[in-house]
Amino acid sequence: VRVEAGTLRRRDLVTAEVDASVRDATRRNHTATHLLHAALRQVLGTHVKQAGSLVAPDRLRFDFVHFQPVTRDELDRIERIVNEQICRNTPVQTEVRATEDAIADGAMALFGEKYGDRVRVIRIGDFSTELCGGTHLDATGQIGLFKVTHEGAVASGVRRIEAVTGEPALAHVGREEAALRESAGLLKIPPLELPRRLAALLDEQKRLEKQVAQLETKLARTQAQDLVSAAKQVAGVPVLAARLDGLDPDGLRSVVDTLRDRLPSGIILLGSAVDGKVSLVAAVSKDLMKRFPAGRLVQEIAKMVGGGGGGRPDLAQAGGKDPSKLDEALAAVAGWVERTGQG
């Protein structure tokens, strides 16, 4: 098999370029990790200690001791501080020192590292000094750009930040800008007006939802007479169990109040399913509440829809998680009344 020498040289050159690219990307993320560690301590407090890390060519991951989620404002400040250090293009200095002397001068030892009598100290101006045996850049400006992509918990008291630098950071910003432009385009507004317009739309949605709820309650109250006529005699007691989907607990209570006026003696239980959740409201007239406490009734029925609740003998409410069982639960009201009346 004959292979041209020129072909081998070209392949070697490409391989060398790829290796260099991967090495440079790893160095960017490694140096950025040092900047991130210092920024975290500056923003969150000196209790922050490294609890693990990953430095890869395409990203970095940093685990640290902290006891609550990092807020969006804190993440913005951390990101801004790191990028300020990048813009300053501070030289990254490396020196070999006695381990005890380096730590005594304030150099931080990193999690998982094993140190001998002499160590490499990575100093980035007055901003960061750490013991580290890894490869780094010559200056912070070579990082290019630093972007946080994720923050979350990995264990009790341990948080994790993931980030990208260089070209992956630019690509990340590009994707975010594209999403912003696309969202703004749907509303036919400039991208920077998107937060204000979305806030206005959410306020309008809340107003309309409230208006719809009021209309549904009004409609249900006008149907109260039909509901009263649907009451059944169980053990000599008028019992009304009905489903009125779309009403929240306030809406159900409003309808119950109307029904109590039209059914002076009896037991009422109304149920509603909204957004995958069940609401139940029970009312018992004063002449029956000692025999049939509304709180006991609603507790029993709520179990069937995967929930619970309670209240006074004359008025109680509950919630549940299984709307598919609501009809079955309402049908069980008559049986509960019959059993309780016999007891």
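- S272 contributes a side-chain N or O that, together with a main-chain N or O of G246, makes up a donor-acceptor pair within less than 3.5 Å.
- Scanning for salt bridge (Lys or Arg N to Asp or Glu O under 4.0 Å) contacts around R159 gives E151, with sequence neighbours left out.
- For the side chain to side chain donor-acceptor pair (under 3.5 Å) test, no residue two or more places apart in sequence or in another chain qualifies with R59.
- Note that CD of Q50 and CD of E130 are 7.0 Å apart. Values are rounded to the nearest 0.5 Å.
- Residues satisfying the salt bridge (Lys or Arg N to Asp or Glu O under 4.0 Å) criterion with D63, sequence neighbours excluded, are R160.
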Less than 3.5 Å apart, which donor and acceptor atoms pair up between the side chains of residues 179-193 and the rest of the protein, not counting sequence neighbours?
unit_1: S183; atom_1: OG; unit_2: A179; atom_2: O; d: 2.9
unit_1: E193; atom_1: OE1; unit_2: R196; atom_2: NH2; d: 3.2

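- With sequence neighbours left out, T165 forms a side chain to side chain donor-acceptor pair (under 3.5 Å) with N29.
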Could you pull out every donor-acceptor pair under 3.5 Å between side chains of residues 291-310 and any protein atom, sequence neighbours left out?
unit_1: Q299; atom_1: NE2; unit_2: G309; atom_2: O; d: 3.3

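- Annotation: salt bridge (Lys or Arg N to Asp or Glu O under 4.0 Å) contacts of D327 (sequence neighbours excluded): R243.
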Can you give the donor-acceptor pairs under 3.5 Å from side chains of residues 75-83 to other protein atoms, not counting sequence neighbours?
unit_1: D76; atom_1: OD1; unit_2: R72; atom_2: NE; d: 3.2
unit_1: D76; atom_1: OD1; unit_2: R72; atom_2: NH2; d: 3.0
unit_1: E79; atom_1: OE1; unit_2: K147; atom_2: NZ; d: 3.1
unit_1: E79; atom_1: OE2; unit_2: V148; atom_2: N; d: 2.8
unit_1: N83; atom_1: OD1; unit_2: F146; atom_2: N; d: 3.0
unit_1: N83; atom_1: ND2; unit_2: E79; atom_2: O; d: 3.1
unit_1: N83; atom_1: ND2; unit_2: F146; atom_2: O; d: 3.0

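- V212 forms part of no hydrophobic cluster, judged by ILVMFWY side-chain heavy-atom separations under 4.5 Å.
- Residues satisfying the side chain to side chain donor-acceptor pair (under 3.5 Å) test with E176, not counting sequence neighbours, are H172.
- For Q42, the side chain to side chain donor-acceptor pair (under 3.5 Å) criterion is met by no residue, not counting sequence neighbours.
- Members clustered with V158: V154, by chain and number, using a 4.5 Å side-chain heavy-atom cutoff among hydrophobic residues.
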